[in-house]
Number of protein chains: 2
Amino acid sequence: MAPEADQPLSTPTGEPAWKQRAVERSTQAAKRRAEQRVERFLDAAQAIMAEKGTTDFTVQEVVDRSKQSLRSFYQHFDGKHELLLALFEDAMSKSAEELRALAAQQSDPLDRVRVVVQELFEISRPDLSARQRPLFSDFAMRLLVSHPAEMRVANAPLLALFTELMEELEEADLLRSGFTARRGAALTMQTVMFNAQSSGQEGAHPITAEEIWDYCANGFTMDAPTS
Amino acid sequence: MAPEADQPLSTPTGEPAWKQRAVERSTQAAKRRAEQRVERFLDAAQAIMAEKGTTDFTVQEVVDRSKQSLRSFYQHFDGKHELLLALFEDAMSKSAEELRALAAQQSDPLDRVRVVVQELFEISRPDLSARQRPLFSDFAMRLLVSHPAEMRVANAPLLALFTELMEELEEADLLRSGFTARRGAALTMQTVMFNAQSSGQEGAHPITAEEIWDYCANGFTMDAPTS
DNA sequence: CGGCAAGCCGCAGTAATGTTCTCACCATGG
DNA sequence: CCATGGTGAGAACATTACTGCGGCTTGCCG
């Protein structure tokens, strides 16, 4: 990593290389400190959410809990929204990893999709997991309507997992004819997550993980028609 | 309607019947006036939403637009939430009626479900109908997480329609074996509405009405297995 | 017609909360 | 050892939902 020849490319302003390196060294220490502070804000926010089971905490609470200052908070985050977004993206990619690990335990491609669908349904339902994952109910919904692009980014890891699983199905000729893996991945993922959201809203007949799997896999019509 | 014998039942306080009737006559005029005021608030709110394409208006805006007073607003509504809820319930039952009329134009039970699914999808997508129906994106999502019981009430008309259509399918033996009409109705309705919500979030490959119908009807697996 | 009760209005005021500003401080690096 | 920039503490600001109060209008009743 001594790309002196490349320096001109990265210093179009005419700064000498040594100066850049010196500045960078200073910068990196500061960066570490900054990252640590950000970490503390993140941890504090997560702890508060775990306690209150909602994203309706105040910025002040996070600041107090993290033993830092409001001033510092706004130096590291563009606002409360950015904080929540960071936590949400993190939670989503962690969940995607967990689900991927779960899928890996199954040998049959169809079983892989099944366990992922059922587990995603469980961790997405508000009544059971709101306390542990308020981001999935509260924040995800608001993000979907107010910042769909950011939602798409946050969903990417999970969507990738579903796409892989669907492609496996495709290769094993287990996908319905004329059905694209990409579309099926998005449709299934969203169907599972959102139906989980409104489970418990269904008065006396809450939907179960088995039912949602059955539905996604087979639809509701007889096994032949559709025109 | 001269149920004098029944009066004691409705006047346990001992008030004479004539007085009750007189009071009621006075009351009804006041009631009409009150309803008219409520109507004006409702209309103003709807107009503002149509212009701004969001539910993020202030109560003050509604008050100004309706040429009434803030004080009066809170005399007729418990708060902004109640206003939105009223508009939402109204929009939902109107949409349910429109969809029911649309279904009636089809003779085949499966076609009835299909047109309803496809049209519900279209009117629920945020990109096209946000301007006309911000309640369906904005408010519905928030209501789902913050007041699921109210959401259930608001959804009831639409759910009833889906249930009827599903029961028709059941009677015509077009429903998959071991599949309940009630569950299918809820699952399908929510799947359609929510997937519409996130359509357009799908970068370059937005889901279409045909695809969602295909998915709901048939799922993604081959036409035989599931174990 | 005169008065009264109810409703309505305008306006100021409260509360909650996200965000920014002021200013002193201090720690880090040169 | 000093200059710079991040930090802390708190005040200040902005927005918004909501409420209290006093006065005015309106419609009703005797």
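Note on naming: letters A, B, ... go to the chains in the order of the sequence lines (proteins, then strands), and numbering restarts at 1 for each one. Source: prediction; values computed, not measured.
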Nearest whole angstrom, please: distance from the [atom2] of [N] to the [atom1] of [X].
X: B/Gln60; N: D/dA14; atom1: CD; atom2: P; answer: 18 Å
X: A/Asp56; N: D/dA17; atom1: CG; atom2: P; answer: 16 Å
X: B/Asp64; N: C/dG10; atom1: CG; atom2: C1'; answer: 12 Å
X: B/Tyr74; N: C/dT14; atom1: OH; atom2: P; answer: 17 Å

(request) With sequence neighbours excluded, tell me which residues meet salt bridge (charged side-chain N to carboxylate O under 4.0 Å, His left out) with B/Glu164. (result) B/Arg100
(request) Quick one, give me the B/S/- string for nucleotides 4-11 of chain D, reading 5' to 3', where B means a protein heavy atom under 4.0 Å from the base and S means that only happens at the primed atoms, P, OP1 or OP2. (result) --SBBB-B
Please find the pair of heavy atoms, one from [X] and one from [Y], that lie closest to each other, and give the distance.
X: B/Met193; Y: B/Ser124; result: CG-OG, 4.0 Å
X: B/Leu165; Y: B/Val113; result: CB-CG2, 3.9 Å
X: B/Gly79; Y: B/Tyr74; result: CA-CE2, 4.0 Å

(message) Considering every strand and a 4.0 Å limit on heavy-atom distances, what is the contact class for B/Phe57: base, sugar-phosphate, or nothing?
(response)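 Contact class for B/Phe57: sugar-phosphate only.
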What pairs of donor and acceptor atoms, side-chain ones from residues 141-161 of chain A against any protein atom, are under 3.5 angstrom apart with sequence neighbours left out?
residue: A/Arg142; atom: NH2; partner: A/Thr55; partner atom: OG1; Å: 2.9
residue: A/Ser146; atom: OG; partner: A/Arg142; partner atom: O; Å: 2.8
residue: A/Glu150; atom: OE1; partner: A/His81; partner atom: NE2; Å: 2.9

(request) Pull out every residue in residues 77-87 of chain A that has a heavy atom closer than 4.0 Å to any atom of DNA chain C, ordered by number, or say none. (result)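 Here the set is A/Gly79, A/Lys80.
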(request) Verify side-chain contact (heavy atoms from CB on, under 4.5 Å) between A/Met49 and A/Asp138, making sure each step is shown before the conclusion. (result) CA-CA 11 Å; A/Met49 278 194 307; A/Asp138 250 44; over 6 Å; no
(message) Filter on salt bridge (charged side-chain N to carboxylate O under 4.0 Å, His left out), then keep only pairs touching residues 69-92 of chain A, sequence neighbours left out; what's left?
(response)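 Only A/Asp90-A/Lys94 qualify under salt bridge (charged side-chain N to carboxylate O under 4.0 Å, His left out).
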Distance-only donor-acceptor hits, side chain of residues 37-45 of chain A, under 3.5 Å, sequence neighbours excluded:
residue: A/Arg37; atom: NH1; partner: A/Gln68; partner atom: OE1; Å: 3.1
residue: A/Arg40; atom: NH2; partner: A/Ser66; partner atom: O; Å: 3.0
residue: A/Arg40; atom: NH2; partner: A/Lys67; partner atom: O; Å: 3.4

